[in-house]
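Just so you know, these numbers use all the heavy atoms, side chains as well, and skip hydrogens, waters and symmetry mates.
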Amino acid sequence: MAAPNPTRIGLAGLAVMGQNLALNIAEKGFPISVYNRTTSKVDETVERAKHEGSLPVFGFHDPESFVNSIQKPRVIIILVKAGAPVDQTIKTLSTYMEKGDCIIDGGNEWYENTERREKAVAESGLLYLGMGVSGGEEGARNGPSLMPGGSFEAYKYIEDILLKVAAQVPDSGPCVTYIGKGGSGNFVKMVHNGIEYGDMQLIAEAYDVLKSVGKLSNEELQSVFSEWNKGELLSFLIEITADIFGIKNDKGDGFLVDKVLDKTGMKGTGKWTVQQAAELSVAAPTIASSLDARFLSGLKEERVEAAKVFKSGGFGDVLGDKKVDKAKLIDDVRQALYASKICSYAQGMNLIRAKSIEKGWGLKLGELARIWKGGCIIRAIFLDRIKKAYDRNPDLANLLVDVEFAKEIIDRQSAWRRVVCLAINSGISTPGMSSSLAYFDTYRRARLPANLVQAQRDYFGAHTYERTDVEGSFHTEWFKMAKQSKN
C-alpha cells in the first residue's frame, strides 16, 4: 500500500528491537515510516508488517525521503547501538530535519551522552528525548515499559502514541510516564538494569542452594519455581526460570539448562550502575555482588583449575551427605529470596533518588515502581507494594523501614539467616543473599564499628573525628599517647 502523506512518526534502526517497536506502533493505529542504513532490513520490516496484519509500515531506503515522509513537527525514534552509531544517525537525519522536530533515542545510552546530544541538537532548534525501553524483543512488540526523559514538549508530541504502545496493567494503567529532564530516562533505565542484575543473581543462588544442597532435580525445580510464581514472588524472571527448567536437551539426554556454559555475558549497564553508586556514595552491595559474580563466572578455565587444586589439597565437596528436609529448605529459600530482593530494590531506588537530588530531576519513585509493573524484565507483583510504600511516604528514607516491608523482613529473617548459614557451611557461594543480609544488618544497627575505622584514619592521617558526647571536630595524637602509655 502507498504511504499516506505524511505518516505520524518515523523509526530508524531496524534490528529486532527496532522492527518490533515499529510493528507495535503501527498495530496501535499510527502509520509509521521506517529507515535503516542496510536497506534489506527496511524491506524485511515492511514484509513482516504485511504478514502480521497489513500494518501501516512504510519503508524508505534513503534518509531524505524517510524524513520528508513524516508529518510536522516530525518525531523520529532511533534504535541503534549506543555510542558513536547514535551520533552518526543523528548527523544523517538532522540534515533534513527542521526547527521543532524531535529525535528520540530508544537505546541503552549513557545518560550524559543524552544530555550532550540534547544540548547539541537544540542549537538547530531540535528537541530530544532519551527513552529507556525495557521488555526485550517480546516487550517491544507487545508492550514495553517506557522511560522517556528530556524535553517535556517533545514528550507531549508523542504521549498519545506512547500511552497505547506501552504495556497495559489493568489496575494502574500504561507503563509509561514522563520521567524528568535531561538524561533521567536513561539513568532510570540503567538502574532498572542494575536491579535486574541483582534479581537474576539472587534467583541463581536460590537455584544453586536447592540443587546443590537440597539435591532437587530439574523437574522438582520447575515445580518449585512455578509454585513460587503464584505467590509473593510472582514475576517475569521467576516465570521464565520455571520454563527454563522444563526444556529438554535438544542434542541428547537430560535438560538443556545443564548444558549451558556457566559464563555470564553483560552489556555494561550493570557496571555503570555500580560505578554511579560509588560516585554518589550510595551502598548497592547486592547489585555490586551480582556484577562480581558475572566477572568470576568469566574465569571458567581458572575455576576449573582451582577446583583441581583444592580437591588435591583435601578440600573437596564440603556438601557431604547432609540430610536435608526438602520442604523446609524450599520454604526457607523462598523467604530468603524475597527478603534479599527487598534489599536489592531498596538500593536501586536510593541510587535513583540520590541522582535525582544531585541533578534536580524531581523523580517520583512510586511512579517508577508503577511503570515497572508491566512490560519490563523486572516486572513483578512486588512492585505494587513498592509503589504503595512511596504513596504512603514519598520521602521514605529506605524501603526497609516502610512499615509493611519492615514487617515482611522481620517475618523472614530467621529463614534468610538459615539459608545463608547453610550455604556457607556447604561451601556454596551466595554473594547476593549474603550481601543483602549484611546490608540489612548494617542498616538496622544504631551503632557500627565505624568509630574504630575513623580512629584509625585519625591515627595515621590526622583526618579528625567527631564525638558522641561533644560537638565539633577533634584530632588526637594517638601515636604519642600510645607511646607514653607503653612507657
Side-chain angles (χ1 to χ4, degrees), residues 198 205 271 273-293 295-296 299 302 306 309-310 313-315 318 336 339-340 342-344 346-351 353-355 357-358 395-402 405-406 409-410 412-487:
E205 291 172 18
K271 188 193 287 186
T273 305
V274 174
Q275 286 169 334
Q276 279 295 296
E279 290 276 331
L280 291 158
S281 304
V282 172
T286 312
I287 298 171
S289 68
S290 68
L291 186 66
D292 288 338
F295 295 152
L296 282 163
L299 307 176
E302 287 181 44
V309 169
F310 288 105
F315 188 90
V318 193
S340 300
I342 295 172
C343 293
S344 186
Q347 293 159 29
M349 287 305 195
N350 287 352
L351 177 53
R353 182 178 49 213
K355 194 70 181 182
I357 290 167
E358 182 198 75
D395 301 318
L396 188 65
N398 191 306
L399 278 178
L400 299 183
V401 292
D402 168 71
F405 280 126
I409 283 194
I410 292 163
R412 288 162 182 73
Q413 66 153 340
S414 298
W416 193 6
R417 293 181 196 286
R418 280 196 296 274
V419 170
V420 170
C421 289
L422 177 66
I424 289 168
N425 290 329
S426 306
I428 299 290
S429 63
T430 51
M433 286 186 183
S434 305
S435 57
S436 288
L437 183 56
Y439 178 77
F440 166 66
D441 278 337
T442 304
Y443 192 70
R444 69 176 179 80
R445 288 182 68 195
R447 185 161 172 85
L448 292 170
N451 55 317
L452 178 59
V453 176
Q454 196 57 16
Q456 291 168 334
R457 292 181 74 242
D458 188 52
Y459 189 125
F460 65 68
H463 290 293
T464 75
Y465 58 92
E466 292 173 76
R467 297 178 63 107
T468 57
D469 51 354
V470 192
E471 290 283 315
S473 282
F474 298 86
H475 168 57
T476 296
E477 299 281 349
W478 301 87
F479 178 70
K480 276 187 194 165
M481 291 174 77
K483 204 172 176 186
Q484 284 163 9
S485 68
K486 285 173 192 164
N487 292 337

Kindly determine whether N350 and R353 satisfy side chain to side chain contact (heavy atoms under 4.5 Å, CB included), including the steps that lead there. CA-CA 5 Å; N350 287 352; R353 182 178 49 213; 3.0 Å; yes
Distance-minimising heavy-atom pair for [X] and [Y]:
| X | Y | result |
| --- | --- | --- |
| S429 | P431 | C-CD, 3.4 Å |
| M433 | A336 | SD-CB, 4.1 Å |
| A339 | I409 | O-CD1, 4.5 Å |
| Y465 | Q454 | CB-CG, 3.7 Å |
| N398 | A346 | OD1-CB, 3.4 Å |
| D458 | T464 | OD1-N, 2.8 Å |

Sequence neighbours excluded and cut-off under 3.5 Å, please list the side-chain donor-acceptor pairs for residues 277-288, or say none.
{"unit_1": "T286", "atom_1": "OG1", "unit_2": "Q347", "atom_2": "OE1", "d": "3.4"}
{"unit_1": "T286", "atom_1": "OG1", "unit_2": "Q347", "atom_2": "NE2", "d": "2.8"}
{"unit_1": "T286", "atom_1": "OG1", "unit_2": "S436", "atom_2": "OG", "d": "2.8"}

Taking atom CD1 of I428 and atom CG of L422, what is their separation to the nearest 0.5 Å?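 Atom-to-atom, I428:CD1 and L422:CG are 9.0 Å apart.
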To the nearest 0.5 Å, what is the distance between CD1 (I342) and CG (L400)?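 So the gap between those two atoms works out to 7.5 Å.
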With a cut-off of 6.0 Å (strictly less than), are more than 12 heavy atoms of other residues, nucleotides or ligands near [atom1] of [X]?
| X | atom1 | value |
| --- | --- | --- |
| E466 | CD | no |
| F479 | CZ | no |
| R467 | CZ | yes |

Pairs flagged by salt bridge (Lys or Arg N to Asp or Glu O under 4.0 Å) wherever residues 415-440 is involved - sequence neighbours left out: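 Output for this query lists D332-R418, R417-D441.
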If you look only at pairs with a residue in residues 477-487, which of them pass as a salt bridge (Lys or Arg N to Asp or Glu O under 4.0 Å), with sequence neighbours excluded?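 Listed once each, the pairs would be none.
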Per the ring pair (Phe, Tyr, Trp, His ring centres under 6.0 Å) rule, what does the pair list look like for residues 427-449, sequence neighbours excluded?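 Of all non-adjacent pairs touching residues 427-449, those that pass ring pair (Phe, Tyr, Trp, His ring centres under 6.0 Å) are W416-F440.
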Heavy atoms, side chains only, cut-off 4.5 Å: are V453 and Q456 in contact?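 Contact flag for V453/Q456 side chains = yes.
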Do M349 and L396 come within less than 4.5 Å of each other through their side chains, counting heavy atoms only?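 No, too far: nothing below the 4.5 Å cut-off.
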Does R412 have any salt bridge (charged side-chain N to carboxylate O under 4.0 Å, His left out) partners at least two apart in sequence or in another chain, and if so, which?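 Salt bridge (charged side-chain N to carboxylate O under 4.0 Å, His left out) check on R412 returns E232.
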Please identify each residue that fulfils salt bridge (charged side-chain N to carboxylate O under 4.0 Å, His left out) with R445, with sequence neighbours left out.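 R445 satisfies salt bridge (charged side-chain N to carboxylate O under 4.0 Å, His left out) with no other residue.
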